Number of protein chains: 2
Amino acid sequence: MSSASPPLYEKVKLHVLKRIRSGEWRPGARVHSEHELVRELNVSRMTANRAIRELVQSGVLSRVAGSGTFVADLKSAGHPLQIRNIAAEIRDRGHAHRAVVLAQARVPVPASIRERLQPRGRELFHSLVLHHENEVPLQLEDRYVDPALAPGYLGVDLGTVTAHEYLMEVAPLERVEHVVRAIVPPARVASLLKLAAGEAALLIERTTWSRGRRASFALLYHAGTRFELRGVFDL
Amino acid sequence: MSSASPPLYEKVKLHVLKRIRSGEWRPGARVHSEHELVRELNVSRMTANRAIRELVQSGVLSRVAGSGTFVADLKSAGHPLQIRNIAAEIRDRGHAHRAVVLAQARVPVPASIRERLQPRGRELFHSLVLHHENEVPLQLEDRYVDPALAPGYLGVDLGTVTAHEYLMEVAPLERVEHVVRAIVPPARVASLLKLAAGEAALLIERTTWSRGRRASFALLYHAGTRFELRGVFDL
DNA sequence: AAGTGGTCTAGACCACTGT
DNA sequence: CAGTGGTCTAGACCACTTT
């Protein structure tokens with residue numbers, strides 16, 4: 001029937017959002033119930049339900065079954081930030097990405113890695129790759145991989161395929177954890193990233209899981225003055 | 001207090017997820033269509049549709065109308081990270097939060113702030129607050145607020161209510177932008193945060209919009225060794 | 001008892017894609 | 001053309017909260 005360009009549930013969402021954005025409905029205030037929206041906007045309940053459900057999902061509203069729907073209290077809510085694949089990010093900026101492989105070998109498990117990767121064997125695959133944006137070093141990728149989950153890792157041309165990409169091809173990705181910190185980088189890292197004296201680095205530690213086990217642990221060092229994470233929350 | 005059986009759409013989601021996690025359906029592979037799921041699992045199409053739609057929303061699948069549903073290629077996908085309210089974060093850890101107000105005044109617009117806040121008037125409200133976790137300084141909040149949007153800002157007890165909380169009460173939040181960077185902090189910041197010599201700082205720049213205008217700009221400095229951002233992505 | 005959200009169904013029409 | 005996803009309806013039953 002009424003499949004106009006904007007879907008009906010979008011109209012319902014806007015109907016609610018307008019009142020929140022204008023300040024008419026403040027945080028904690030009760031929002032019209034699904035039944036009321038059905039009557040007000042002449043939509044079916046499933047349509048109103050979808051609209052409200054999506055607003056809940058995006059953090060704008062919160063619901064209490066049996067009680068009602070309320071404008072979410074964003075006071076203590078979190079805001080999303082995106083961590084992206086470095087190669088994709090550089091290319092999206094329209095710049096040239098080049099990866100230089102500094103090391104790619106089988107190594108005994110370093111003590112500092114053992115706890116974070118918890119591998120079964122005594123040896124790991126290790127790789128050290130320097131990613132450039134327009135020939136300027138941007139990220140140093142220090143990665144350890146469990147050989148049991150990616151036996152062919154040493155044969156991969158990491159200058160062409162990023163390790164993250166390869167691992168996702170080989171082992172189904174189940175879980176990714178990121179920890180972001182500001183550090184004063186070790187001398188070797190600073191030198192490779194061509195940092196100015198005393199320049200800080202943004203360190204992202206990425207652990208990935210596959211088939212119920214830890215598959216890889218990576219230390220991603222970024223030049224403090226040349227790299228930033230960006231996130232926007234709208235509404 | 002009876003058996004809360006899992007919703008049907010969750011079963012559909014698991015049905016699909018199991019095959020992805022096991023590697024049976026690899027990135028790019030075609031997923032069973034809604035009709036097929038309807039037949040396989042004896043659910044209505046709307047139920048299958050909801051399940052698939054949620055998996056698309058979470059980034060696991062991607063759809064092409066008229067063509068089909070496919071396992072998403074996570075290669076260049078981003079992973080979410082959360083930036084939280086500092087007071088809420090500290091309290092959630094079960095620790096004591098204390099905010100010390102170092103400054104709260106009307107100031108002429110600093111040159112470095114003008115471009116980022118783009119205020120109409122010639123003066124701004126400025127506040128400098130040091131947030132402690134168990135009496136250890138964790139975040140220095142250097143904030144500028146447009147007086148037009150929060151006229152009562154100077155009267156707020158920032159030791160009790162965080163500025164972010166107050167601003168959300170006064171002006172409906174429309175948009176928040178975050179930029180995260182690693183820096184070597186200025187001497188004054190290092191001293192206030194009681195950083196070790198040469199310690200790096202994690203800087204979060206937060207800009208907020210309200211009623212179509214920029215409402216506040218905040219520089220949030222964090223001790224590099226005592227603060228981290230954490231994010232988990234689960235498939 | 002009335003209201004609320006949570007879920008589910010069995011249909012339907014549409015626009016689009018691929019053969 | 002048949003198949004796909006995108007949307008929408010008008011009912012329904014349930015568990016829960018509020019009055």
Side-chain angles (χ1 to χ4, degrees), chain A residues 1-17 19-20 25-73 77, chain B residues 1-17 19-20 24-74 77:
Chain A
M1 288 225 37
S2 58
S3 52
S5 309
L8 271 184
Y9 65 85
E10 286 295 347
K11 291 186 181 176
V12 178
K13 288 172 78 169
L14 285 178
H15 177 82
V16 173
L17 278 174
R19 282 162 176 76
I20 295 176
W25 291 348
R26 315 201 56 72
R30 195 203 199 90
V31 166
H32 289 179
S33 75
E34 294 187 356
H35 261 94
E36 287 170 317
L37 291 171
V38 164
R39 288 197 300 269
E40 287 168 28
L41 303 171
N42 279 302
V43 296
S44 78
R45 197 186 147 205
M46 280 305 284
T47 298
N49 179 270
R50 172 170 178 179
I52 300 299
R53 195 153 29 79
E54 290 187 2
L55 290 177
V56 169
Q57 209 282 330
S58 73
V60 176
L61 301 177
S62 73
R63 317 193 84 170
V64 182
S67 176
T69 303
F70 309 88
V71 180
D73 204 348
Chain B
M1 34 188 76
S2 51
S3 58
S5 72
L8 272 184
Y9 64 86
E10 286 295 346
K11 291 186 181 176
V12 178
K13 289 172 77 169
L14 284 178
H15 177 83
V16 173
L17 277 175
R19 282 161 177 75
I20 296 177
E24 183 183 339
W25 291 348
R26 315 201 57 71
R30 193 203 201 89
V31 166
H32 289 179
S33 74
E34 294 187 356
H35 264 94
E36 287 170 317
L37 291 171
V38 164
R39 289 196 299 269
E40 287 168 28
L41 303 172
N42 279 304
V43 297
S44 79
R45 198 187 146 204
M46 279 306 283
T47 298
N49 178 268
R50 172 170 179 179
I52 300 298
R53 194 153 28 79
E54 290 187 1
L55 290 177
V56 169
Q57 209 280 330
S58 72
V60 176
L61 301 178
S62 73
R63 316 194 84 170
V64 182
S67 176
T69 304
F70 308 88
V71 179
D73 203 349
L74 293 172

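Within every chain, numbering begins at 1; the chains are lettered A, B, ... in the order of the sequence lines, protein sequences first and strands thereafter. Below, each value reflects all heavy atoms present in this structure, side chains not excepted, and no hydrogens, waters or symmetry copies. These numbers come from a predicted model, not from an experiment.
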For atom [atom1] of [X] and atom [atom2] of [N], their distance in whole Å:
| X | N | atom1 | atom2 | result |
| --- | --- | --- | --- | --- |
| Y9(A) | dG5(D) | OH | C1' | 12 Å |
| F70(B) | dG18(C) | CZ | C1' | 11 Å |
| E34(A) | dA10(D) | CD | P | 16 Å |
| E10(B) | dT7(C) | CD | P | 8 Å |
| R39(A) | dG3(C) | CZ | P | 9 Å |
| E54(B) | dC8(C) | CD | P | 11 Å |
| N42(B) | dT7(C) | CG | P | 20 Å |
| H35(B) | dA12(C) | NE2 | P | 11 Å |

Here's a test for you: under side chain to side chain contact (heavy atoms under 4.5 Å, CB included), which of V38(B), L17(B), L55(B), L37(B) qualifies with V12(B)? L37(B)
Identify the residue among E34(B), H35(B), E36(B) that makes a side chain to side chain contact (heavy atoms under 4.5 Å, CB included) with H32(B). E36(B)
Regarding R53(A) and N49(A), is there a side-chain donor-to-acceptor distance under 3.5 Å anywhere? yes
Sorted by position of nearest nucleotide on DNA chain D, 5' first, the leading residue of M46(A) and S67(A) is M46(A)
I want to check one thing: is the phosphate of [N], taken as OP1 and OP2, less than 4.0 Å away from some side-chain N or O of [X]?
| X | N | result |
| --- | --- | --- |
| R63(A) | dG6(C) | yes |
| T69(B) | dT4(D) | no |
| S33(B) | dT4(D) | yes |

The side chain of [X] is closest to which nucleotide in this list: [options]?
| X | options | result |
| --- | --- | --- |
| R30(A) | dA12(D), dT4(C), dT9(D) | dT4(C) |
| T47(A) | dC8(D), dG5(C), dT7(D) | dC8(D) |
| N49(A) | dT4(C), dT9(C), dG6(C) | dG6(C) |
| S44(B) | dA10(D), dT4(D), dA10(C) | dA10(C) |
| R45(B) | dT9(C), dT7(D), dG5(C) | dT7(D) |
| L8(A) | dG5(D), dG5(C), dT9(D) | dT9(D) |
| P7(B) | dT7(D), dT4(C), dC8(C) | dC8(C) |

Testing the basics here: between [X] and [Y], what is the closest heavy-atom pair and its distance to 0.1 Å?
| X | Y | result |
| --- | --- | --- |
| G59(A) | A72(A) | O-CB, 3.3 Å |
| W25(B) | V16(B) | CZ3-CG1, 4.0 Å |
| G68(A) | F70(A) | O-CE1, 3.3 Å |

Answer with base, sugar-phosphate or nothing: what part of the nucleic acid does R53(A) contact at a heavy-atom distance below 4.0 Å? nothing
Check: R50(A) side chain, dG6(D) base, donor-acceptor under 3.5 Å: no
On DNA chain C, does the nearest nucleotide to V64(A) precede the nearest nucleotide to G66(B) from the 5' side, or the other way round? Give the residue. V64(A)
